[in-house]
Amino acid sequence: MTTLKIQYSNYEEGEFTNEQIVDYPSFIEIFEKETNNKIYTKYSWSLENNRLKFYINTDNEYFLIIEHIAKNYYNLTFCETKFKKAYECKLEKEILAEYLNLFFNKEYDYFHNKFNKTNKETDTIINRFNKK
């Protein structure tokens, strides 16, 4: 089961929307609605407000955080409980759908091969999903 929580710019750290069950088509619909609703500054690379974050969790074992960091750019952080390693990648919106499709199809090895390892602690990332 894959679940989603959203953290809006006016939320405090650890504060989320209600957790909801999603599949790939329903997530893409939510994602498009939320990311197209942002106000941008006069500079195309920056957001006027703080970042919007999507927290996706599959079976409390695989975790993906999507941060909207600029108009058409996102930061993805992936980790899993089994290997205790975290991976990150910054990418354009056009490529994001491909990665999301892989995540929802449970092709997690792709993230190990294409993302860069990060020094972030997986326990810290996973704990961010558990806060209310």
Side-chain angles (χ1 to χ4, degrees):
M1 174 174 62
T2 301
T3 59
L4 166 70
K5 293 194 280 188
I6 300 173
Q7 188 175 64
Y8 293 106
S9 61
N10 60 340
Y11 284 17
E12 293 182 25
E13 190 66 33
E15 186 178 18
F16 303 99
T17 60
N18 289 332
E19 193 170 40
Q20 56 187 306
I21 297 171
V22 292
D23 57 7
Y24 180 72
S26 64
F27 175 74
I28 292 297
E29 184 178 323
I30 293 166
F31 179 81
E32 287 296 328
K33 177 184 166 237
E34 296 294 339
T35 57
N36 287 333
N37 197 21
K38 287 289 157 206
I39 299 168
Y40 300 100
T41 65
K42 64 180 179 176
Y43 305 107
S44 63
W45 59 86
S46 62
L47 291 169
E48 184 171 300
N49 297 316
N50 291 336
R51 302 171 182 173
L52 172 67
K53 298 177 188 175
F54 299 89
Y55 289 77
I56 306 171
N57 172 0
T58 301
D59 303 324
N60 281 332
E61 192 171 341
Y62 302 97
F63 302 88
L64 186 68
I65 300 173
I66 305 166
E67 284 184 84
H68 193 183
I69 59 174
K71 186 172 184 178
N72 289 315
Y73 285 90
Y74 296 85
N75 186 55
L76 272 65
T77 304
F78 170 79
C79 72
E80 55 190 311
T81 56
K82 187 164 88 175
F83 293 115
K84 297 287 185 187
K85 290 191 172 47
Y87 301 87
E88 280 190 323
C89 182
K90 289 180 177 36
L91 46 90
E92 294 179 1
K93 187 175 184 175
E94 294 78 33
I95 302 168
L96 181 62
E98 174 188 332
Y99 285 95
L100 292 172
N101 193 24
L102 291 167
F103 184 83
F104 279 95
N105 286 326
K106 300 183 180 194
E107 297 178 37
Y108 306 117
D109 288 338
Y110 193 83
F111 293 91
H112 298 160
N113 299 328
K114 296 293 182 182
F115 282 30
N116 297 319
K117 285 184 186 176
T118 180
N119 293 331
K120 291 182 180 176
E121 295 288 328
T122 56
D123 291 339
T124 303
I125 295 169
I126 293 168
N127 285 339
R128 290 173 69 189
F129 280 79
N130 296 328
K131 294 181 180 176
K132 302 288 182 196

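When a residue number appears, it is its place in the shown sequence, counting from 1.
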Quiz item: How about Asn101 and Asn105: does a side-chain donor come under 3.5 Å of a side-chain acceptor?
Solution: yes
Self-check item: Validation row, ring centre Phe111 to ring centre Tyr87 under 6.0 Å
Solution: no
Quiz item: Just how far is it from atom CZ of Phe31 to atom CG of Leu100, taken to the nearest 0.5 Å?
Solution: 6.5 Å
Self-check item: Qualifying residues under salt bridge (charged side-chain N to carboxylate O under 4.0 Å, His left out), relative to Glu80, sequence neighbours excluded
Solution: none
Exercise. Check whether any side-chain heavy atom of Phe54 lies under 4.5 Å from a side-chain heavy atom of Thr35, and answer yes or no.
Key: yes
Quiz item: Does any N or O in the side chain of Ser26 come within less than 3.5 Å of the main-chain N or O of Val22, such that one atom is a donor and the other an acceptor?
Solution: no
Quiz item: Say you draw a straight line from CG of Asn75 to NZ of Lys90; how long is it, rounded to the nearest 0.5 Å?
Solution: 4.0 Å
Quiz prompt | Residue list, side chain to side chain contact (heavy atoms under 4.5 Å, CB included) with Asp59, at least two apart or on another chain | solution = Met1, Lys106
Quiz prompt | Reference residue Phe115; test ring-ring contact (aromatic ring centres under 6.0 Å, His included); the match among Phe103, Phe78, Tyr99, Tyr108 | solution = Tyr99
Practice problem: State, with a plain yes or no, whether a side-chain heavy atom of Asn72 is found less than 4.5 Å away from one of Glu92. | Solution: no
Exercise. Would you please say whether a donor-acceptor pair under 3.5 Å links the side chains of Thr77 and Glu88?
Key: yes
Quiz prompt | Contacts of Lys93 that satisfy salt bridge (charged side-chain N to carboxylate O under 4.0 Å, His left out) - sequence neighbours left out | solution = Glu32
Exercise. State, yes or no, whether a side-chain contact exists between Tyr8 and Glu34 at a heavy-atom distance under 4.5 Å.
Key: yes
Self-check item: Spacing of Gln20 atom CD and Ile30 atom CD1 [to the nearest 0.5 Å]
Solution: 4.0 Å
Practice problem: Take atom OH of Tyr73 as the centre, draw a 6.0 Å sphere, and report whether it contains more than 12 heavy atoms from other residues, nucleotides or ligands. | Solution: no
Exercise. Answer yes or no: is there a side-chain heavy-atom contact under 4.5 Å between Thr81 and Phe63?
Key: yes
Quiz item: Is the backbone N or O of Phe129 less than 3.5 Å from a side-chain atom of Lys5, with the two atoms forming a donor-acceptor pair by type?
Solution: yes
